[in-house]
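Protein chains get the first letters and strands the later ones, always in sequence-line order, with residue 1 at the start of each.
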Amino acid sequence: MDDVSDQYAPEDVEASVNAYWDEHDAYEAAKEAHADDPPFFFVDGPPYTSGQMHLGTAWNKTLKDAIIRYKRMAGYDVTDRPGYDMHGLPIEVKVEEELGFDSKKDIEEYGMEAFIEECKSFAERNREKMDEDFESIGAWMDWDDPYRTVSPEYMEATWWAFKRVHENGLVERGKRAINQCPRCETAIADNEVEYHEIESPSIYVRFPLSDREGSLVVWTTTPWTIPANEFVAVDAEMTYQAVDATRDGETDRLYVAEPCAEDVLREGRYDDYEVAEELSGADLVGWAYDHPLADEVPDNPDTEGTGQVYAADYVEADRTGLVHSAPGHGEVDFERGRELGLPVFSPVAGDGTFTDEAGTYAGRFVRDANDDIIADLDAKGYLLASGTTTHRYGQCWRCDTDIVYLATDQWFITVTDIKNELLENIEDSEWHPEWARDNRFKNFVEDAPDWNVSRQRYWGIPLPIWVPEDDPDPDAEDILVVGTREELAERADGNVDPEAVDLHRPSVDPITITEDGVTYERVPDVFDVWIDSSVATWGTLGYPGNEDAFDELWPADLIVEAHDQTRGWFWSQLGMGTAALGEIPYDEVVMHGFANDSDGRKMSKSLGNIVTPEEAIDRYGRDPLRAYLMSHDQHGADLSFEWEGLAETQSTLNIFWNVFRFPLQYMDLDDYDPADASLDDGELTVVDEWVLSRLQSVKAEVDAAWDEYAVHDACNAVLDFVTEDVSRFYVKATRERMWEEADSASKRGAYATLATVLDETIRLLAPVTPYITEEMYRTLDGDATTVHQLAYPTVDEAYHDPELERNVAVLRAVEEAAANARQQGGRKLRWPVPRVLVESDDGGVREAVDSLADLFGERVNARSVAVVESFDELVERADPEMGVIGPAFGGDAQEVMAAVEDRRREDLTADDGETPYAVTLDGERYDLTAEMVSFRAEPPADVAGADFEVSDDDGDRTGGTVYVDTSLTDDIEAEGYARDVVRRIQEMRKRLELDVDERIRTRIDVADDRVAAFVDERRDLIAEETRTAEFDADADDLTEEWDVEGVAVTIGIERLEAEQRTA
RNA sequence: GGGCCAAUAGCUCAGUCAGGUUGAGCGCUCGGCUGAUAACCGGGAGGCCCGCGGUUCAAAUCCGCGUUGGCCCA
């Protein structure tokens, strides 16, 4: 116990605990201790291995770690396998950057296999770094065996699932409108598209009508989609106008929506116009027009149905009210085109260049061709107006390249076919907070489109789809989907070793399968990386390779992620779980928030407001950071990171440290072992009983909080208990008992109580602050290898006494008021007061104080305590009412006022009963009416009062007033001065660094004779309190002059010779 | 453009579901305590509860419309 540091130094504690954990395999011990407990299947949402830990991931892993530690202590065998998401475009893009690549061509030239190797080693390097990061914040997970999405077993889990999805009839190949990143040359999912403001062309184009005079006017920001225009959409309900517009003497007939007419004509710089006709949108349907770029793009399908007006629900009265529609370049256009049975024309390649189908524009990058297209339209007289506009536009989430919308052939999981099942399965999961599921997640799932799972890339899990070699566009029933490596080995042409095969590209690419005379080859695509993590619940268990664990554990009991995962992992798992197995793969979800900067803004490089976990740990330590993060709302609310808040948390833990350290030296002196503490040994006082009861209440509160995974409530309840109840009240009330030299039942009771409180508090906080609690546990007990293998404390009703808790709550409110009154009376706590009166009209309050009167008297340092319903010594003093006195007495009013002011009621009361009150001035009597004087009740001289307030059993407020009599007697002065002297001697002892029990020689010279007499009178008390063996005028190891209440007191102390030091 | 969440003391947050005198911690300031002492405790100052409407005897709380921030979607 000697090596417990005076000051809570997180870095020292954490370093020593870390070394201890390593040396004693504490993590393994904790796991082993609960190996036979019922299982708890936690699944780690795999972080992506493209970067290092930031504050948000630190929060996430800390929360998971706290829950895992708690669950373990609560008696579960917890699955704690961490995971890493290691495939995907983001890593490819980083590696491309490292290698200086610009396009897929560079990759092909470098060699696919070499490139994939680079991606793999990049992901592995990052993973190892992240292992260290997560371990560095104390996350106890199975770092020796994380699941990695690149491992053959894990990849197999996706194949297996996808095969199930196919068997369920939910795999489909088809043309869809997709987002294409022209740089990465792959389709990207809707949720991989990020939106930003860009400047684009803004053009108004005339589409000349075929069968009548005039033109339709459309507006677009993507001139490059006009070559693929196939129809114009109108709102059937909207009113359209035929407008004869005149410019430079020429008149054009233009068709636009009525609300848009004026704007369009202004844009077209027409001088004048006349409305020739009004029509509904429905009237326009079926009208044919000539494609304005028919000459330039001869391949644009000129079939039955194209080049016409149709109604569509995506039309708004915006710009022109007529919408240029190109099914090959937009999702809504695509859907409507499909309904109408129109062909899909998308003359753009994956790299964003026009194909040969685009005629004169072939080979040009689409956005580079905008100007030519505009010029061609202008030359042909179809350009009504041309300018620019800023608007939101999608870009690739990884390389920030603006996307192009294309219609290409992709592989889909048709989750829209099972929408109802998805929504039903959501109901099987419990979310914290609830609104995240019922509002946010449900809305998202309702709107979710089919899942495009194919990516035309390299670093990913290859699609396990084989298609007939002579049928590149097969129906779903004509494809083969392989579910396992074993199956691949069985069905493949040629030899495949299931143990050795690397499922990555390019090694799987050449594998063919021949069945029933048809040879199949693998489609070259890889999976969308969201597929990888979507199978994490069984991937974690090594399924399908390992079936036992799956049968026992699946589905997951709990997952824990931030709110961005509604669209991510929460969704992908629901989608995959439902499509493959018909079930949601997790039972409970904790959705936490984001770590923002102190202004609530996102931390970002560009804002320069990033706080790293490393910096936070360097400045304040791991436990303080963990406790700080955990003390904030864990259910969906964002955190605004504040350095001051972190500092505050550290000082809270410092209080915990002090509470822990305080009894050690006394226990040490008495050879008391806190590990053997028993509440049956010694005598429990009312404060002991109280703090033990509070401990039961706190455990009940903490238990309820953990049930909801409200880690913040659990953490704060314990920390509040430590600071508020243990430090501020219990320790203060118990100090003197520990200071007693002789062994006593009371002291042993105090030791046992504090040892019990510490033991349980340590265990209650262990999940959140693992280092400091381990250090404390090792100091106090250390019997088990680690505190984290012990059982989480539970409520012991035998020590629960709610009535006592209520009474003490009243006592504390009253005590606070007494301190206030003392301050008003100018009497510091060290000086006793003759009496304290508690006045309350509430019987419950009086009973509470009565029941604890002795304790109360001690705490407020009062010689006597009285509890009364009303304090009968209050003095009513007069306030003259000048509004009445003035008019009544005229010139004498000022003197009357002075005579009335502050007089006691009985002194003012007229003795003849003629009038209520009277005063006499220079022998002349002035009668006063009741209206002329008001009274206020005041305590008598030397008594100060202060109000207090408490809540009663029904939660209503009640209270009263505390009166402190601060009058002095010789006896009180003597004790006051003596205690002032004691206090100074103690400080000097401390300065000399004397042992607590070391005896001294003391000299006291008081400059004032009266005070000197008081001090002399109490020499015994002083000697006892300061362990003074004798008073000696020559004691001078340390001499100091003090000012005690304005009197100079010179004090000297001296060590005794060695043999005399202990009595 | 749409959905969800948040906005309360200088700062971080309770209180909002179930309407009934806005609380705590930190900071500031004044004081106290003292062998937990580079620790600890008390008093005080400090609030148009984001704004505007509405419901109600009564709104921080319920409803509507906005503003700002966060997340998600288009």
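The nearest whole Å value for the distance from the NE2 atom in A/H592 to the C1' atom in B/C5 is 16 Å. If you measure from atom CG of A/D980 to atom P of B/C33, you get 7 Å, rounded to the nearest angstrom. The distance from atom CE of A/M591 to atom C1' of B/G70 is 11 Å, rounded to the nearest whole Å. In this structure, A/R437 places its CZ atom 25 Å from P of B/C71, rounding to the nearest Å. Atom CZ in A/R567 sits about 16 Å away from atom C1' in B/G2, given to the nearest Å. One can place NE2 of A/H635 at 16 Å from P of B/C5, the figure rounded to the nearest angstrom. Rounded to whole Å, the distance from CG on A/D725 to C1' on B/A36 is 17 Å. At whole-Å resolution of the value, CG in A/N443 and P in B/C71 are 18 Å apart.
Checking B/G46 for Watson-Crick or G-U wobble geometry (two distances, each under 3.5 Å) identifies no partner in any strand. Across all strands shown, B/U56 forms no Watson-Crick or G-U wobble pair with both key distances under 3.5 Å. With a 3.5 Å ceiling on both atom-pair distances, B/A14 lacks any Watson-Crick or G-U wobble partner. Across all strands shown, B/C73 is found opposite B/G1 as a Watson-Crick or G-U wobble partner, with both distances under 3.5 Å. Here B/C40 sits opposite B/G32 as a Watson-Crick or G-U wobble pair (both hydrogen-bonding atom distances under 3.5 Å). Judged by Watson-Crick or G-U wobble contacts below 3.5 Å, the nucleotide B/C65 has B/G51 as its partner. For B/U22, there is no paired base (Watson-Crick or G-U wobble, both distances below 3.5 Å).
Heavy atoms of A/F656 sit nowhere under 4.0 angstrom from any nucleic acid atom. Using a 4.0 Å heavy-atom cutoff across all strands shown, A/W435 reaches sugar-phosphate atoms only and no base atom. A/Q986 comes within contact range of at least one nucleobase, with a heavy-atom separation under 4.0 Å. At the heavy-atom level, A/R822 lies nowhere under 4.0 Å from the strands shown. Backbone-only engagement by A/D564 is indicated by non-hydrogen atom pairs under 4.0 Å involving sugar-phosphate atoms exclusively.
A close approach under 4.0 Å does not occur between any side-chain nitrogen or oxygen of A/R983 and OP1 or OP2 of B/C33. The side chain of A/Y393 places no N or O atom within less than 4.0 Å of a non-bridging phosphate oxygen (OP1 or OP2) of B/A74.
On the C1' atoms, B/C13 is 12 Å away from B/A7, given to the nearest whole Å. For the C1' atoms, the distance from B/U67 to B/G25 is 30 Å, rounded to whole Å. Comparing B/C73 with B/G54, their P atoms sit 38 Å apart, to the nearest whole Å. On the P atoms, B/U16 is 34 Å away from B/U29, given to the nearest whole Å. Comparing the C1' positions of B/C50 and B/U8 gives a spacing of 10 Å, expressed to the nearest Å. Taking the C1' atom of each, B/G15 and B/C72 are spaced 28 Å apart, rounded to whole Å. Using atom C1' as the reference point in both B/A9 and B/A45, the two lie 11 Å apart (nearest Å). Comparing the same atom, C1', in B/A6 and in B/A60 gives a spacing of 14 Å after rounding to whole Å.
Evaluation of the side-chain contact (heavy atoms from CB on, under 4.5 Å) rule for A/A714 yields A/V702, A/A705, A/W706 as partners, not counting sequence neighbours.
Nearest to the side-chain atoms of A/D638 among the listed nucleotides B/G70, B/C26, B/A36 stands B/G70. Of the candidates B/C26, B/G70, B/A14, the closest approach to any side-chain atom of A/R728 belongs to B/C26. Here B/U12 is the nucleotide among B/G32, B/U12, B/A36 with the atom lying nearest to any side-chain atom of A/S640. The side chain of A/L829 lies closest to B/C33 when the candidates are B/A36, B/C13, B/C33. Among the nucleotides B/G42, B/C40, B/A36, the one closest to the side chain of A/I655 is B/C40. When the nucleotides B/G25, B/A39, B/C72 are ranked by their closest atom to the side chain of A/T566, B/C72 comes out on top.
Under a cutoff of 6.0 Å and an axis angle of 45°, A/R859 and A/F729 form a cation-pi pair.
In terms of position along RNA chain B, the nucleotide closest to A/E642 lies nearer the 5' end than the nucleotide closest to the other residue of the pair A/T652 and A/E642. Between A/N439 and A/F662, the residue whose closest nucleotide on RNA chain B is further toward the 5' end is A/N439.
Here A/R812 does not pair with A/E816 in a salt bridge; the nearest charged N to carboxylate O distance is not below 4.0 Å.
Among the candidates A/R437, A/E561, A/K442, A/M591, the single residue satisfying the side-chain contact (heavy atoms from CB on, under 4.5 Å) test with A/T566 is A/M591. Under the side-chain contact (heavy atoms from CB on, under 4.5 Å) test applied with A/I188, the options A/D528, A/N452, A/N179 reduce to a single match, A/N179.
With hydrogens and angles left out, the side chain of A/S727 and the base of B/A36 share a donor-acceptor pair within 3.5 Å. For A/R440 against B/C71, a side-chain-to-base donor-acceptor contact under 3.5 Å is present.
A/D670 and A/Y751 share a donor-acceptor pair across their side chains, judged by distance under 3.5 Å alone.
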Legend entry - side-chain contact (heavy atoms from CB on, under 4.5 Å) between A/F444 and A/R567, worked out: CA-CA 7 Å; A/F444 180 84; A/R567 74 159 179 179; 3.7 Å; yes

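For A/Y977 and A/W831, the ring centers are positioned less than 6.0 Å apart.
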